[in-house]
**Student:** 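My structure is below; once you've seen it, I'll send some questions.
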Number of protein chains: 2
Amino acid sequence: MKKIKKPLTSSMEDYLEAIYELNLEKSFVRVKDIAKKLNVKMPTVTSMLKNLRDREYVNYEKYEFVELTKEGEKVGREMRRRHDVLLKFLTKILKIDYKTADDEACKMEHTLSPSTLQRVIDFMEFIQVCPRAGMEWLSHFEDFRKSGNNPGKCLERGSLDTPCQVIRDRVEILTKADN
Amino acid sequence: MKKIKKPLTSSMEDYLEAIYELNLEKSFVRVKDIAKKLNVKMPTVTSMLKNLRDREYVNYEKYEFVELTKEGEKVGREMRRRHDVLLKFLTKILKIDYKTADDEACKMEHTLSPSTLQRVIDFMEFIQVCPRAGMEWLSHFEDFRKSGNNPGKCLERGSLDTPCQVIRDRVEILTKADN
DNA sequence: AAGGTTAGTTAGGAATATCTAATAAAATTA
DNA sequence: TAATTTTATTAGATATTCCTAACTAACCTT
């Protein structure tokens, strides 16, 4: 008879991630700190801790400090890893400002499947490794955006010679609505 | 005295998007179809319709067909647009298979801010427009992945000459954990 | 038009994730 | 140690989103 674990909700993942991170900073994790980090009130934390304790993700006795179980730590670390990957993608590739990127990563980290996340990592590696791309290439992206998506800048510095119509067609394919 | 509209939840956005899409296919939108599309039971749809009617996103009288209000249509169209953008990014840039990408887009479309989404669009345009990138360049990404992220393939075809250590360093910066 | 089928609604309930107010335990300080 | 402050818990309420079971309205079919 198998024991089927109910899947964690996004909210539960947030708590585990928060506890994991607080644990890196301090040796004691307290209800108050979790509440502050997640912008919720303390009673909300207490009830979630009971819930996570029932599911065996935390060891918790009332009025005592909170500890992640092995399983809980695994989830917490994984959430942080995802957050990290997404944050890097948003800041270093898409050049989104840190604060916004951090917020978006918080939300996205719950929705992406492991395989999609891996694809993001692969893509970042590819950009770094490919001699036609790299950081220097990404700096052209900034020029491009800052000039109002005018291809001029990129074309000037580019190494290939592509007719304007071809470029317009390419853009069409990827970025215009379907219907 | 201002009237402050409560923000829509992800779930509400899903209903509006579903109704919008059903409307493109057929002239009548019925409870049954919404239920099927969203994988919920009919009573769930009925109660959500009442909710959305109170918020003035749909016109709805019991036993009659459902219509989006101007505002509701705006939201529905926007959700679909987001879905589209994300689907294209996932399939055409990250090369994720259609089914997976479509699922992920469904979840992501609720979390990304308009400005981040725009950045995704800009990035796709940039890839198309930049002579060093484009579809041909993306095909190298596939080679790269399929060879287990071995830079060999890309290097062979690349136009620059970069020492291996530099490449390893670059990868380090973007893809390794912070802590 | 009567009867059956399909579609839709109501009623009532459960899980999740919040909150406030009141209370209690723990920690600090005088 | 007694008093005060801080931290945490309980109790009870609300909003969302979903469900099942039972009922009803609308639509076909003969």
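Fair warning: this is a prediction, and the values are worked out from it, not measured in the lab. Chain letters run A, B, ... following the sequence lines, proteins first and then strands; every chain starts at 1.
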**Student:** Are A/Glu109 and A/Arg80 close enough for a salt bridge, meaning some N to O gap below 4.0 Å?
**Tutor:**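 Salt bridge absent between A/Glu109 and A/Arg80.
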**Student:** Identify whether any heavy atom of A/Thr44 sits under 4.0 Å from a base atom; if not, whether one sits that close to sugar-phosphate; answer base, sugar-phosphate or nothing.
**Tutor:**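 Base, at least one base atom sits under 4.0 Å.
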**Student:** For residues 59-69 of chain B, which residues have at least one heavy atom under 4.0 Å from DNA chain C?
**Tutor:**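 By residue number: B/Tyr60, B/Lys62, B/Tyr63.
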**Student:** Please report, rounded to the nearest Å, how far the P atom of D/dC19 is from the CE atom of B/Met48.
**Tutor:**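 For the pair B/Met48 CE and D/dC19 P, the rounded distance is 11 Å.
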**Student:** Of the options C/dA17, D/dT10, C/dA7, whose atoms approach the side-chain atoms of A/Pro43 most closely?
**Tutor:**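 So the side chain of A/Pro43 is nearest to D/dT10.
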**Student:** Without decimals, in angstroms, what is the distance between A/His110 NE2 and C/dT16 P?
**Tutor:**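 In whole Å, C/dT16 P lies 17 Å from A/His110 NE2.
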**Student:** Take the protein atom CG of B/Asp14 and the nucleotide atom C1' of D/dT16, then report the distance between them rounded to whole Å.
**Tutor:**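 Result: 14 Å.
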**Student:** Quick one: pull up CZ in B/Phe65 and CD1 in B/Ile19 and give me the separation to the nearest 0.5 Å.
**Tutor:**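 Here the rounded value is 13.5 Å.
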**Student:** Look at the side-chain N and O atoms of B/Thr46 and state whether any lies under 4.0 Å from the OP1 or OP2 oxygen of C/dG8.
**Tutor:**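 Answer is no, no contact under 4.0 Å.
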**Student:** Starting the side chain at C-beta, find the nucleotide from D/dT7, C/dA7, C/dC19 nearest to A/Lys32.
**Tutor:**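 The answer is D/dT7.
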**Student:** How would you list, by chain and number, every residue that makes a side-chain hydrogen bond (donor to acceptor under 3.5 Å, both in side chains) with A/Thr9, sequence neighbours excluded?
**Tutor:**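 So A/Thr9 forms no side-chain hydrogen bond (donor to acceptor under 3.5 Å, both in side chains) with any residue.
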**Student:** Could you please name the option among C/dT18, D/dT16, C/dG8 that lies closest to any side-chain atom of B/Thr9?
**Tutor:**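 Of the candidates, D/dT16 comes closest.
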**Student:** Report, as yes or no, whether the 6.0 Å neighbourhood of atom CD on A/Glu67 holds more than 12 heavy atoms from other residues, nucleotides or ligands.
**Tutor:**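 No - once you tally the heavy atoms of other residues, nucleotides and ligands closer than 6.0 Å, there are 12 at most.
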**Student:** Are any of B/Arg55's side-chain N or O atoms less than 4.0 Å away from OP1 or OP2 of D/dA15?
**Tutor:**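 Negative; the distance criterion is not met.
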**Student:** Send over the distance from B/Ile34 CD1 to D/dC18 P, rounded to a whole Å.
**Tutor:**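 To the nearest whole Å, that distance equals 13 Å.
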**Student:** For D/dC18 and B/Ser47 - does any side-chain N or O of the residue sit under 4.0 Å from the phosphate oxygens OP1/OP2?
**Tutor:**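 For D/dC18, neither OP1 nor OP2 has a side-chain N or O of B/Ser47 closer than 4.0 Å.
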**Student:** If you find the nucleotide of DNA chain C closest to A/Asn51 and the one closest to A/Arg30, which residue's nucleotide is nearer the 5' end?
**Tutor:**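 Nearest-nucleotide comparison on DNA chain C picks A/Asn51.
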**Student:** Using whole Å, report how far CE of B/Met42 lies from P of D/dC23.
**Tutor:**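 One finds 17 Å between P of D/dC23 and CE of B/Met42, rounded.
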**Student:** I need the CG-C1' distance between A/Leu49 and C/dT18, as an integer number of Å.
**Tutor:**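 The answer, rounded to whole Å, is 15 Å.
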**Student:** Which ILVMFWY residues can you reach from B/Tyr63 by hopping between side chains whose heavy atoms are under 4.5 Å apart?
**Tutor:**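 None, because no other hydrophobic side chain comes under 4.5 Å of this residue.
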**Student:** Could you give the NZ-to-C1' distance, from B/Lys41 to C/dT10, as a whole number of Å?
**Tutor:**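 Value for this atom pair: 18 Å.
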**Student:** Quick check for you: to the nearest 0.5 Å, what is the distance between A/Asp97 atom CG and B/Thr116 atom OG1?
**Tutor:**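 Going from CG on A/Asp97 over to OG1 on B/Thr116, the span is 8.5 Å.
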**Student:** Looking at B/Asp54 and B/Lys50, is there a salt bridge between them, counting it only when a charged N and a carboxylate O are closer than 4.0 Å?
**Tutor:**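 Looking at B/Lys50 and B/Asp54, the cut-off is not met.
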**Student:** Atom CZ of A/Arg53 and atom C1' of D/dT9: how far apart are they, to the nearest Å?
**Tutor:**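 Computing the A/Arg53:CZ to D/dT9:C1' distance gives 12 Å.
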